[in-house]
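First comes the structure, then the notes that go with it.
Since the model is a prediction, treat every value here as computed from it, not as a measurement. Order of the sequence lines sets the chain letters (A, B, ...), proteins ahead of strands, with each chain counted from 1. Basis for what follows: all heavy atoms, side chains included, without hydrogens, waters or symmetry-related copies.
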Amino acid sequence: MKLKSILAGAALALMASTAAFAGDVRIMWYSDGVEGEVMKDLVGRFIKENPGINVILDNVAYSVIKEQLPVQLEAGNGPDIARVTAIKDLARHWLDLRPLVKDAKYWDDNFGAQADWMRPDGSNQISGFMTQITLTGGFANKTLFDQAGVPLPGPNATWDDWAAAAKKVKESQQVPFAMAIDRSGHRITAPMLSYGANYVGQDGKPAPLDKGAKDFLTKFVDWTADGTFSKDVWVSAAGTTYRPAADDFINGQLAFYYSGSWQVANLATKIGNSFDWVATGSPCGPAACTGMPGGAALVAVKYTKNPKDVAAVMDWFAREDIVKEFSERTLFLPGHKGVVDKGGLDFKTDNEQAKAALTKYVEATKSTSETALKLPGWRWSDTVYAAVVTRIGQTLAGELKLDDAFQRIDADIAQKVKDAGQ
Amino acid sequence: MSTASSPSRLGALLMTPVHFVMRLIDAPVRGLQKATGIGGMAAFFLAPNMLIFGIFVLLPLVINFVYSMTGGTAFFLSERQFVGADQYARLFTCGSYLDPMSCQEDAFWTAVGNTFWFVILQVALMIVTALITALILNRDLAARSFWRAVFFFPVLLSPVVVGLIWKWILQRQGLLNFILYEFGGTEPYTWLTDRNWTFAATIGVSIWAHMGFYALILLAGLQAIPKDLYEAAEMDGTRPARVFWRITLPLLAPNLLVVVVLALIRAVQIFDEVYVLTGGGPGTSTLYLTQYIYETGFASALRNPGLAAAASILMGVVLVVLTLFQLGIGRKQENKGKR
């Protein structure tokens with residue numbers, strides 16, 4: 001009798017734990033700013049409204065998303081939902097939510113513009129939605145410019161104009177560097193496009209580096225050699241490792257910092273009243289004044305054991321009111337057409353600089369080049385970015401001559417394309 | 001009487017399930033012994049251990065080797081194409097092995113070169129530092145236990161913590177520059193973006209992190225040396241340097257050998273603290289072999305697990321050679337001891 005009771009109890013416990021497991025939805029999430037906190041709050045509300053689904057939010061470092069998640073996905077594992085930036089590269093791992101969401105038309109209408117960025121070529125899959133649309137652009141330390149008596153370059157100022165002005169500020173204010181750009185292929189692609197670069201060949205595969213790309217890279221290397229650009233960020237790692245220069249800007253060590261719209265909340269929070277700063281948009285080159293669009297997407301992973309629960313979670317987070325609230329609280333540009341078209345976003349900050357910066361970024365989206373708009377959905381973007389970062393990093397560290405770096409970049413990309421074809 | 005019988009009764013009670021199991025397996029084991037003989041029984045008892053070794057060591061090795069013979073970016077073996085020794089050929093395609101830039105996989109040869117110099121310098125400096133530390137800690141110091149703990153403490157730290165601590169010390173706005181500025185008025189220097197300083201820093205930091213462990217092994221060796229030898233030397237008026245070279249060092253040789261081989265193997269595998277401290281930079285000046293394998297297989301855009309597997313097999317060969325060297329020396333010393 002006793003044995004029977006024990007066995008029955010054990011069976012009940014096992015059933016209960018299995019039932020709980022069946023309703024678990026695990027989200028792998030990274031944060032640039034305050035969005036982790038906002039998401040935690042929203043997840044709490046979702047669980048209250050949907051007691052049958054237990055959402056577990058795993059806050060991880062961006063490097064985990066970039067380096068470990070792809071390996072987990074290749075092995076057929078990973079979370080149920082993830083916030084990612086390599087959305088096209090990993091598209092084969094995303095779950096098609098079309099048959100699972102409540103209203104596929106709502107998704108097409110509101111997230112259709114970026115749907116191609118995150119689905120396999122040629123499919124009409126609904127993989128997820130952009131938690132934010134980003135655009136690369138510059139930030140200037142206005143206090144340093146004012147103190148140096150150097151006027152901020154105007155709206156159509158070129159990279160040369162900014163370099164000259166920032167250099168004057170650096171010399172006057174004795175800051176370590178005039179300018180910095182994140183160690184990232186995505187970031188440096190924006191000025192390369194402004195100089196006329198076109199990564200995409202006629203066959204849709206990567207083209208060798210063209211004059212536009214080489215022109216900007218040559219200037220960048222020269223500017224780093226003469227101390228205009230920060231050397232620290234680009235030589236402080238090997239390979240494709242990402243390094244932001246945000247801390248240098250926050251610490252008042254830079255006159256001009258080229259990063260992107262996702263930094264607005266971070267800068268607003270960390271700089272506070274220490275100094276005045278402004279978003280500048282992207283400086284111009286001979287061909288354009290473009291930034292690089294991008295962003296992070298919340299995508300469902302096809303290896304999930306609970307696709308219906310995952311779809312319910314995705315439906316909830318894709319709701320117009322939730323997207324609006326998320327954008328207002330995180331200071332991110334929304335990727336939801338309805339939210340954008342209706343306008344009236346009330347960004348939750350009393351920081352006027354942050355509000356002005358967001359307005360500037362919204363304006364800057366109008367000057368985004370056609371090539372820039374194509375790249376987030378192009379399969380080989382990350383391959384080109386990786387080769388450029390690796391070899392230019394070596395050049396700045398004095399290991400390669402620039403001409404050799406150009407040859408190596410082309411060879412690296414060709415080898416990767418060959419590897420992918422095997 | 002009752003107190004004497006209680007433990008034995010408890011023991012008998014505890015042994016009941018054991019006896020039950022023994023009785024259960026007794027018959028089949030007897031049968032097995034009859035069928036296979038004593039040799040078969042040895043294999044039977046070794047089987048569980050061999051099974052674990054096979055699953056967790058041998059099988060991954062074989063899988064790794066199979067991966068090294070495949071190409072493409074897919075992770076599943078079934079989706080990968082057999083390319084034979086192409087990955088090895090790619091690693092060895094070089095104009096000159098002394099000039100990494102002439103090689104198809106220049107990063108691999110840069111990593112090999114960096115690892116080679118790192119191993120030579122780090123192990124040599126590590127042994128000297130650990131030996132000096134052990135000699136000092138073996139003396140009659142005040143608060144000797146405290147000092148032993150101080151030198152051993154970094155060994156207890158996670159490599160990530162070690163990397164971060166030293167990054168905060170060495171970065172442009174770090175502690176070292178602050179101290180140099182406060183006391184010498186020196187302008188901040190970027191220790192972690194200067195190729196030579198960064199390489200030296202990786203050696204220094206890894207010595208700081210691991211030296212305590214090796215010092216402890218040497219300290220144990222020093223304490224095992226009979227005191228009467230030193231007393232005899234003192235009575236003979238032998239100079240301290242001669243005592244060190246003629247008594248201490250020869251009798252410490254077995255421990256030193258263990259330390260050398262362990263430090264060599266650990267140095268070849270260097271990765272974590274350096275990855276946190278320098279990320280392999282500036283450029284590729286602190287890119288070591290393990291990081292190359294990690295980046296190639298897991299971190300770069302369009303990962304290449306086949307190439308990473310081939311590089312790790314080559315690294316494995318080096319480690320096997322070092323291990324065999326250790327075993328050979330160990331046996332030689334054992335034989336010497338017997339004679």
### Message
Less than 6.0 angstrom separating the ring centers of A:Phe229 and A:Trp234, yes or no?
### Response
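No: the rings miss the under 6.0 Å criterion.
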### Message
Is the distance from the ring center of A:Phe249 to that of A:Phe275 below 6.0 Å?
### Response
yes
For [X], which atoms come within 4.5 Å of any heavy atom of chain B: side chain, backbone, both, or neither?
| X | answer |
| --- | --- |
| A:Leu396 | neither |
| A:Gln415 | side chain |
| A:Asn251 | side chain |
| A:Asp247 | neither |
| A:Thr240 | both |
| A:Trp380 | side chain |

With respect to chain A, which residue among [options] yields the maximal number of heavy-atom pairs within a distance under 4.5 Å?
| options | value |
| --- | --- |
| B:Ser285, B:Gly280, B:Gly306 | B:Gly280 |
| B:Gln173, B:Gln291, B:Gln104 | B:Gln173 |
| B:Arg195, B:Gln171, B:Glu295, B:Arg172 | B:Arg172 |

### Residue pair A:Asp412, A:Arg391: steps toward the salt bridge (charged side-chain N to carboxylate O under 4.0 Å, His left out) verdict
CA-CA 9 Å; A:Asp412 288 352; A:Arg391 297 308 182 176; 2.7 Å; yes
### Task
Flag yes if more than 12 heavy atoms outside B:Tyr181 fall under 6.0 Å of its OH atom; otherwise flag no.
no
### Message
With a 4.5 angstrom heavy-atom cut-off, is it the side chain or the backbone of B:Thr284 that approaches chain A, or both, or neither?
### Response
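For B:Thr284, heavy atoms of backbone and side chain both lie under 4.5 Å from chain A.
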### Message
Heavy-atom cut-off 4.5 Å, strictly under: side chain, backbone, both or neither for B:Tyr292 against chain A?
### Response
neither
Only pairs of heavy atoms separated by less than 4.5 Å count here; which of [options] has the most with chain B?
| options | result |
| --- | --- |
| A:Ala397, A:Ser63, A:Ala386, A:Ala238 | A:Ala238 |
| A:Lys231, A:Glu399, A:Glu67 | A:Glu399 |
| A:Asp382, A:Asp89, A:Val71 | A:Val71 |

### Task
Determine the sole option in B:Thr202, B:Asn114, B:Thr278 for which the side chain to side chain donor-acceptor pair (under 3.5 Å) test with B:Thr286 is passed.
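Of the listed residues B:Thr202, B:Asn114, B:Thr278, the side chain to side chain donor-acceptor pair (under 3.5 Å) partner of B:Thr286 is B:Thr278.
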### Query
Considering the options A:Ile181, A:Asp182, A:Thr136, which one meets the side-chain contact (heavy atoms from CB on, under 4.5 Å) requirement together with A:Ser259?
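Among the candidates, only A:Asp182 passes.
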## Note on the structure
ring pair (Phe, Tyr, Trp, His ring centres under 6.0 Å) with B:Tyr288: of B:Phe116, B:Phe118, B:Tyr294, B:Phe108, only one passes, and it is B:Phe118
### Query
What heavy-atom pair brings A:Leu69 and A:Ala82 nearest, and what distance separates the two atoms?
CD2-CB, 3.9 Å
### Message
For B:Arg80, is there an ion pair with A:Glu74 - N to carboxylate O distance below 4.0 angstrom?
### Response
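Looking at A:Glu74 and B:Arg80, the cut-off is not met.
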